[in-house]
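One structure is given below, encoded as structure tokens.
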Amino acid sequence: MSSDSEDIPLAKRRQQQQRANKPSTNNLDSGSDSDTPLGKRKRPAVRKRVLDDDDDEDADTLSSSDSGPPAAKRARPSAAKKKSYKDDSSNSDGEGDFHGSSDSDVPLAKKKTVDSKAKTNGSSKTNGTNGTSRTKAAPKYKEESSSDSDAPLAKKAAFKKTSTPTKTKVKTEPVSSSKSKQSTTTIKRRGREEVDDRSKLKKVKKEEEEEEDDKSKVKKVKKEEDEDEDADAWWLNQKDNEDESVKWTSLKHNGVYFPPEYVPHGVKMKYDGKPITLAPAVEEIAGFFGALLFTEHAENPTFQENFFRDFSKIAKAHKTSPEITSFKKCDFTPMYEYYQAEKEKRKNMTKDQKEAAKEEKMVLDEMYGTCYLDGRKEKVGNYRIEPPGLFRGRGKHPKTGCLKYASLSSMFKTYQLRVQPEQVSLNLSRDAPIPKAPAGHKWGAIVHDDTKTWLATWKENVNDSTKYVFLAAGSSLKGQSDLKKFETARALKKEIDWIRRGYMADLKDKKMFNRQRATALYLIDRLALRAGNEKGEDEADTVGCCSLRFEHVTLEKPNIMHLDFLGKDSIRYEKTVEVDEQVFKNIRLFKREPAQEGDDLFDRLKTSELNKHLQNLMKGLTAKVFRTFNASFTFQDQLEKRTPKDGTIAEKLLAYNRANRDVAILCNHQRAVSKGHAGQIGKIEDKVRAYKYQKMKQKKMILSLEPKLKKKRPELLEPESDLEDDWIEEYETQLLEKERERIKAKFEKDNLKRKENKEKPMPAGELKDLLKEVDVKAKDLANERKKGVVPPTRGATVEKCNAQILKLDERIAATRLSLTDKEENKQTALGTSKINYIDPRISAAWCEKHKVPLDKIFTKTLRDKFKWAMTVDKDWEF
DNA sequence: GAGGTAACTTAGAATGTTTTTT
DNA sequence: AAAAAACATTCTAAGTTACCTC
């Protein structure tokens, strides 16, 4: 029943693909074994290379014997010189140093921030769009602005706060600091009486004032069935000021939805060939695996091992279950079949059943999928507590296959797979009614932390990570942070020139640390790499920029760099790029002996240090901002270039999608190749071959018509590439077969018609005659193949044949193009960049400008998510 | 300053639904 | 009308970042 090739799961295809992708020039093979294809992972605790930034030698001299610049040029740039790359135009402020000596980073950076502000202020109107200084919004939403009376002051405070990079929050905002401390402790306490924090006078007053508003607002919203767009349009009423850490003043919700209890189906797996009866919990776990049978997961040894450890342990603990000690003796196929059948059943549900299921979902959506935030009705995202199951880690995750459960502790008489209410903490405002916990249960904790956006949280067992219930993507909170994200990216756009000059200069810095930082920054900026935090041993071995290791980078003179590593989600990043000469030199320097495989390329650098540095360059700047900035910038740029001014909507959409794809490629967003892809490609290739076949025929026909052309046009004699005799024969056989079938079908159809019309059916002999004609044709073709000569068809002329050939060439080219297009699109995922990286205002403005309906580019959910961005005018620029 | 972790964004797989093709 | 492809949504894993603690 395992219709094998049919059902290859995505993960498997991905792997095959990755394997297939492996370039022949891959230098990483060395040391690779079956377990760690990208080289065995060595994590030397601290293995710094001998070169030390503290010894005062010029790193360039150390870097290599080759062609370093003459000593005079290598000398550290003087302060005056450095100033020059900060901002050529603003030479008025001579002290505008880019980075200064590293030990005095902070004070200089402070100056920098002020500088850049002064600069933008002076420069012009455009800075009105900068995140911190948005002032254009009209205070439409009157109720809210009541809490807002001190806006100008708060704004100033925020401004100041940000220009002092270190710990300023504590200094300038005692309220918020004490608050956050207290609220963290709150979370740890249990029960409902704990009151969070900041009952500062000001706040209390505010709340009192707003209580009234809240009530009326809630009523209003209910009455108008959330048709009231203005009430939801937070972006029309952006206040820049206000304590950013406070996320809401009122938050009411109904808690979370727990997955239903397991209903045993009694389907028996086999052990050692015999069906066995399992206790419900054990049966459920066996079912988890059974459902995954024949997928890449279930065939992965690590997955099997982890699963079996947990499975057999729990089976053992249940006395009623027979002992299970060998994975090999387990046969889960009955369960697999059961779940397949269930799937089928679900697919074949009647209309009524489907209707009922929909209804049920609606009820849950209303109950748990909705909350009230500051009186506004908002959607909750993932309100379902994750059901138990097998952890599906990506790539080579050491824990993949482990059982996700609630508790195996003996406190519970039976093993508890489902997360219990006691493990779940809820966050809501103090005035909100506390949702009832499921019967017989209590909530783990109730907190009132208005600096957090989560509604519920619990701990997961496999990686000991925290899970949250957040608002949906279309909510105001998410929208606001989205807007903030893009405004930061836009702010970077204004600063990028001098920041780039800065790190380019730092590439030659005497201190190794600075060089590494600059080089990393270069890669992050030019290649849109992720920051690359350190990872633990119990995670998949993936890297980002700062965690790149030697084996991930190879160099090729004069300035070519190959990158080959597994990034987030174990997606392979494999690119060959030209890099700046100095970057090339630096990387060679970093890679020098005694470094060896497994060592970090940037052995002095950590993401935290990189980000600290960036923070000094610009408020809110972190490594990930570069990705956002470059993605949006590239998109706008490409969109502009590709959109045909007078094209049809379809042509414009094509341009849009191409620009989108450029971004996806930049960010290396990939997806598994779909099931039928190879087949689809094959079909198109066949189409190309069919064209070539026709072309070949035309060419030969010309020669039959005009044999003299053999000398004049030797290309006519050349065989078509990729057109082999065997293929031709098979193709012709197919053509003939199809023709026969067509004739038969037509014959039968005609006879049916005759019958209806009470006419006599055509005699079978007629059909035979028709088929004979095909046989004659077959002989002709065979003859043509033998002699390599194609007699001209009736009315054929050299001119006509030439025209045909031209047409065919065009078609071949077009089909080939669609082939490349398809091929590339097949592994490129456009969605991720559209959802997370491309400022939606670029799209909105483009639609406006080119009269393209918005719903051609954004689905309903995306329009909802980006509703804050839809009001820009056609000339808006990122 | 290392190490841990809370909280949030970003990510591809899996699943569900609609549209297109056969 | 069925199958396949395309498109949309849901799910939860896997990142980044700030912050806390020692």
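Note on naming: letters A, B, ... go to the chains in the order of the sequence lines (proteins, then strands), and numbering restarts at 1 for each one.
A:Lys247 comes within 4.0 angstrom of sugar-phosphate atoms only, judged by non-hydrogen atoms across all strands, and of no base. Heavy atoms of A:Gly393 sit under 4.0 angstrom from primed sugar atoms or phosphate atoms, though from no base atom. In this structure, A:Lys404 reaches the sugar-phosphate backbone alone: every heavy-atom distance under 4.0 Å involves primed, P, OP1 or OP2 atoms, never a base.
Nucleotide B:dG16 holds its C1' atom 10 Å from the CZ atom of A:Arg346, rounded to whole Å. The CD atom of A:Glu539 sits 12 Å away from the P atom of B:dG4 (whole-angstrom rounding). For the pair A:Gln340 CD and B:dT15 C1', the computed distance is 13 Å after rounding to whole Å. The CG atom of A:Asp482 sits 9 Å away from the C1' atom of B:dT9 (whole-angstrom rounding). Atom NZ in A:Lys399 sits about 18 Å away from atom P in C:dT12, given to the nearest Å. Here B:dA6 presents its P atom at 13 Å from CG of A:Asn463, a figure rounded to the nearest Å. Atom CZ in A:Arg530 sits about 13 Å away from atom C1' in C:dA13, given to the nearest Å. Computed from coordinates, the A:Asp464 CG to B:dA7 P distance equals 14 Å when rounded to whole Å.
Along DNA chain B, the nucleotide nearest to A:Arg392 and the one nearest to A:Thr453 differ in position, and the one closer to the 5' end is contacted by A:Thr453. The nearest heavy atom of DNA chain B to A:Glu534 and to A:Ile835 marks one nucleotide each, and the one closer to the 5' end goes with A:Glu534. Positionally, the nearest nucleotide of DNA chain C for A:Ile385 lies more toward the 5' end than for the other of A:Ile385 and A:Ala531. Comparing A:Asn611 and A:Leu390 by the nucleotide of DNA chain C whose heavy atom lies nearest to each, the residue mapping closer to the 5' end is A:Leu390.
Partners of A:Phe866 by ring-ring contact (aromatic ring centres under 6.0 Å, His included), not counting sequence neighbours, listed by chain and number: A:Phe858. A:Lys459 meets the salt bridge (charged side-chain N to carboxylate O under 4.0 Å, His left out) test with A:Asp464; sequence neighbours excluded. Partners of A:Arg418 under the salt bridge (charged side-chain N to carboxylate O under 4.0 Å, His left out) rule, at least two apart in sequence or in another chain, are A:Glu284. Remark: A:Asp365 engages A:Lys361, A:Tyr383 in a side-chain contact (heavy atoms from CB on, under 4.5 Å) (not counting sequence neighbours). By the salt bridge (charged side-chain N to carboxylate O under 4.0 Å, His left out) test, A:Lys399 is found to be paired with A:Asp538, residues two or more places apart in sequence or in another chain being considered.
Looking at A:His253, its side chain does come within 3.5 Å of a backbone N or O of A:Asn427 through a donor-acceptor pair. Between the side chain of A:Asp449 and the main chain of A:Thr451, a donor-acceptor pair closer than 3.5 Å is present.
Side-chain N/O atoms of A:Arg627 include none lying less than 4.0 angstrom from OP1 or OP2 on C:dT16. The side chain of A:His669 contributes an N or O atom lying less than 4.0 Å from OP1 or OP2 of B:dA11. Within the structure, a side-chain polar atom (N or O) of A:Gln615 is placed less than 4.0 Å from OP1 or OP2 of C:dA18. The shortest distance between the side-chain N/O atoms of A:Lys624 and the OP1/OP2 oxygens of B:dT10 is below 4.0 Å. Note on A:Lys478: every side-chain N or O is 4.0 Å or more away from OP1 and OP2 of B:dC8. Applying the 4.0 Å criterion to OP1 and OP2 of C:dG15, one finds that A:Asn533 has every side-chain N and O outside that range. Within the 4.0 Å cut-off from OP1 or OP2 of B:dA2, at least one side-chain nitrogen or oxygen of A:Lys606 is found. The side chain of A:Lys485 places no N or O atom within less than 4.0 Å of a non-bridging phosphate oxygen (OP1 or OP2) of B:dT9. The phosphate of C:dT17 has OP1 or OP2 within less than 4.0 Å of a side-chain N or O from A:Thr622. Residue A:Lys467 places at least one side-chain N or O under 4.0 Å from the OP1 or OP2 atom of C:dA13. Note on A:Tyr837: a side-chain N or O is less than 4.0 Å away from OP1 or OP2 of B:dA11. Side-chain N/O atoms of A:Ser481 include one lying less than 4.0 angstrom from OP1 or OP2 on B:dT9.
Ring geometry for A:Tyr468 against A:Trp454 counts as tilted: the plane angle lies between 30° and 60°, on a 0 to 90° scale.
No hydrogens or angles were tested; on distance alone, a donor-acceptor pair under 3.5 Å links the side chain of A:Lys568 to the base of B:dT10.
Of all nucleotides listed (B:dT10, B:dG12, B:dA7), B:dG12 comes nearest to the side chain of A:Thr832. Picking from B:dC8, C:dG15, B:dA13 the nucleotide with the shortest atom distance to the side chain of A:Arg671 gives B:dA13. Candidate nucleotides B:dA6, B:dA11, B:dT9 were compared by shortest atom distance to the side chain of A:Phe470, and B:dT9 ranks first.
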Verdict with supporting geometry, A:Arg490 and A:Glu487, salt bridge (charged side-chain N to carboxylate O under 4.0 Å, His left out): CA-CA 5 Å; A:Arg490 292 176 78 208; A:Glu487 285 306 302; 2.9 Å; yes

B/S/- contact track for nucleotides 3-11 of chain C, protein heavy atom under 4.0 Å: --SS-SSSS

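Residues A:Arg549 and A:Asp541 are paired through a salt bridge, judged by an N-O separation under 4.0 Å between the basic side chain and the carboxylate.
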